[in-house]
Amino acid sequence: MEENNNLVQLQDENGNEINFEHLMTVEYEGSYYVVLEATEDTDDCKEGEAIILKIIRDEESGDDVYATIEDEAEFNAVFEKCMAIMEEEDEAAALEMDILDGEEEEDEE
């Protein structure tokens, strides 16, 4: 079985464990947010869909926990930042592929 170090298990409101893959953690205005992709279908989320949760400190335990983002403007701003990061990564990957393709063409000559 392949081990995935990016696997995050969350519990739904019924106590069922749900697996997500950690895609990225982003900082926005001094707070941190995590982007997770569902690895299986659930009542609230389909496989492949991503969710964004805010990382907050639990006052009782002192542990970091994930919380739903209630403020729509905050959610939209974090979503836009995530999209910009993914676009930059896609552009970097495309540029790297172009460079590799150019090296292969030189090798063929």
Side-chain angles (χ1 to χ4, degrees):
M1 184 170 136
E2 184 177 325
E3 185 176 321
N4 185 344
N5 292 332
N6 291 330
L7 192 65
V8 175
Q9 285 189 332
L10 301 179
Q11 286 188 348
D12 67 11
E13 60 275 354
N14 299 321
N16 299 317
E17 289 187 353
I18 304 167
N19 293 319
F20 290 86
E21 181 178 354
H22 175 267
L23 299 179
M24 73 176 75
T25 301
V26 297
E27 185 272 335
Y28 175 74
E29 292 190 354
S31 295
Y32 289 88
Y33 302 82
V34 64
V35 181
L36 305 173
E37 181 179 305
T39 62
E40 56 195 84
D41 287 346
T42 67
D43 292 339
D44 297 325
C45 198
K46 299 294 181 199
E47 181 178 353
E49 289 182 345
I51 60 171
I52 303 172
L53 300 171
K54 187 173 188 174
I55 302 172
I56 60 171
R57 175 106 22 200
D58 182 274
E59 292 178 14
E60 292 178 21
S61 69
D63 294 334
D64 286 343
V65 295
Y66 298 146
T68 303
I69 303 169
E70 301 294 333
D71 182 82
E72 187 175 343
E74 177 185 10
F75 178 86
N76 289 335
V78 173
F79 176 79
E80 289 299 323
K81 183 165 186 175
C82 293
M83 294 303 291
I85 291 169
M86 289 190 296
E87 188 174 304
E88 287 174 16
E89 289 174 354
D90 287 348
E91 289 173 4
L95 181 59
E96 185 175 316
M97 289 301 295
D98 287 345
I99 291 170
L100 290 175
D101 287 344
E103 289 174 359
E104 287 177 9
E105 288 175 10
E106 287 177 13
D107 290 343
E108 290 175 4
E109 290 178 8

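Predicted model only: the values in this text are computed from it and were never measured.
Counting only residues at least two apart or on different chains, the side chain to side chain donor-acceptor pair (under 3.5 Å) pairs with a member in residues 69-79 are Y33-E74, K54-E74.
Taking 4.5 Å as the limit, some side-chain heavy atom of E17 sits within range of a side-chain heavy atom of Q11. For the pair V26/V78, a side-chain contact is recorded, criterion being any heavy-atom separation below 4.5 Å from C-beta on. Residues E47 and E37 form no side-chain contact, since every pair of their non-hydrogen atoms from C-beta on lies 4.5 Å or further apart.
Here the straight-line distance linking atom CD1 of I52 with atom OG1 of T68 works out to 11.5 Å at 0.5 Å rounding. Taking CD from E87 and CD from E80, the interatomic distance works out to 10.0 Å, rounded to the nearest 0.5 Å. In this structure, Q9 CD and N16 CG are separated by 11.5 Å, a value rounded to the nearest 0.5 Å. The distance from the CG atom of N19 to the CG atom of L7 is 4.5 Å, given to the nearest 0.5 Å. Of the inter-residue distances, the one linking F75 atom CZ with C82 atom SG reads 8.5 Å to the nearest 0.5 angstrom.
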The test is side-chain contact (heavy atoms from CB on, under 4.5 Å); show your working for L36 and L10 and say whether it passes. CA-CA 10 Å; L36 305 173; L10 301 179; 3.8 Å; yes

Checking side-chain contact (heavy atoms from CB on, under 4.5 Å) for the pair K46/E40: CA distance, chi angles, key distance, verdict? CA-CA 7 Å; K46 299 294 181 199; E40 56 195 84; over 6 Å; no

Checking M24 against I85 for the side-chain contact (heavy atoms from CB on, under 4.5 Å) test, could you report, in this order, the C-alpha distance in whole Å, the side-chain angles of both residues, the deciding distance, and whether it holds? CA-CA 9 Å; M24 73 176 75; I85 291 169; 4.2 Å; yes

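The residues R57 and D64 are annotated as salt-bridged, a charged nitrogen and a carboxylate oxygen being separated by less than 4.0 angstrom.
For T25 (side chain) and V34 (main-chain N/O), no donor-acceptor pair under 3.5 Å exists by modelled atom type.
Clustering ILVMFWY residues whenever any of their side-chain heavy atoms sit less than 4.5 angstrom apart, transitively, puts V35 in a cluster other than the one holding Y66. When the side chains of ILVMFWY residues are joined at heavy-atom separations under 4.5 Å, either directly or via intervening members, M83 and Y28 end up in a single hydrophobic cluster. Residues I69 and I51 do not share a hydrophobic cluster, defined by chaining ILVMFWY side chains whose heavy atoms lie under 4.5 Å apart.
The minimum heavy-atom distance between F20 and C45, with the atom names listed, is CE2-SG, 4.5 Å.
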